[in-house]
Amino acid sequence: MMGYTVSELMAQNISNAQTNVKTWASLVFNAKDYKAAGDGTTDDSGKINDAVNAASAKGGTVVFPPGTYRVASNFTIPSNVMLWFMNGAMLSVDSGVTVTINGSI
């Protein structure tokens with residue numbers, strides 16, 4: 001059996017942690033990066049849908065920073081997409097509009 005020094009093991013753990021962080025980061029899609037305004041007035045439906053589609057391709061998470069994201073068009077969140085609402089973030093769904101969430105929150 002081959003032995004490793006403490007510094008070799010620590011270097012391997014750091015390398016694994018960096019790889020895990022990069023992998024995790026590639027699965028997170030910020031609604032604001034897709035130009036969702038989150039101002040409560042602008043219709044963010046299309047921008048949210050763009051983020052959801054990107055996340056769906058990888059089975060990722062859509063993050064909503066604080067703000068009110070107005071939804072004026074029907075859309076569905078697929079089961080392989082998680083929604084993460086940061087403290088102070090919410091969807092404001094217009095009357096008569098349906099948002100179906102099949103993923104987790």
- request: Indicate if Leu83 and Val93 have the same hydrophobic cluster label, given that clusters are the connected sets of ILVMFWY residues with side-chain heavy-atom separations under 4.5 angstrom.
  value: yes
message: Would you say that Phe29 contacts Val81 through its side chain, given a criterion of any heavy-atom pair below 4.5 Å between the two side chains?
response: no
- prompt: When rounded to the nearest 0.5 angstrom, what distance separates CD1 in Ile101 from OG in Ser79?
  reply: 13.0 Å
query: CG/Asp39 to CG/Asp44 distance, rounded to the nearest 0.5 angstrom?
result: 6.5 Å
query: Between Lys47 and Lys35, what is the shortest heavy-atom contact and its length?
result: CG-O, 3.6 Å
- prompt: Do Val97 and Leu91 belong to the same hydrophobic cluster, where Ile, Leu, Val, Met, Phe, Trp and Tyr are linked whenever their side-chain heavy atoms lie under 4.5 Å apart, directly or via other members?
  reply: yes
List the atom pairs, donor and acceptor, that lie under 3.5 Å between side-chain atoms in residues 59-77 and the rest of the protein, sequence neighbours left out.
unit_1	atom_1	unit_2	atom_2	d
Tyr69	OH	Pro65	O	2.8
Arg70	NE	Asp94	OD1	3.2
Arg70	NE	Asp94	OD2	3.4
Arg70	NH1	Thr41	O	3.0
Arg70	NH2	Asp94	OD2	2.9
Asn74	OD1	Thr98	N	2.7

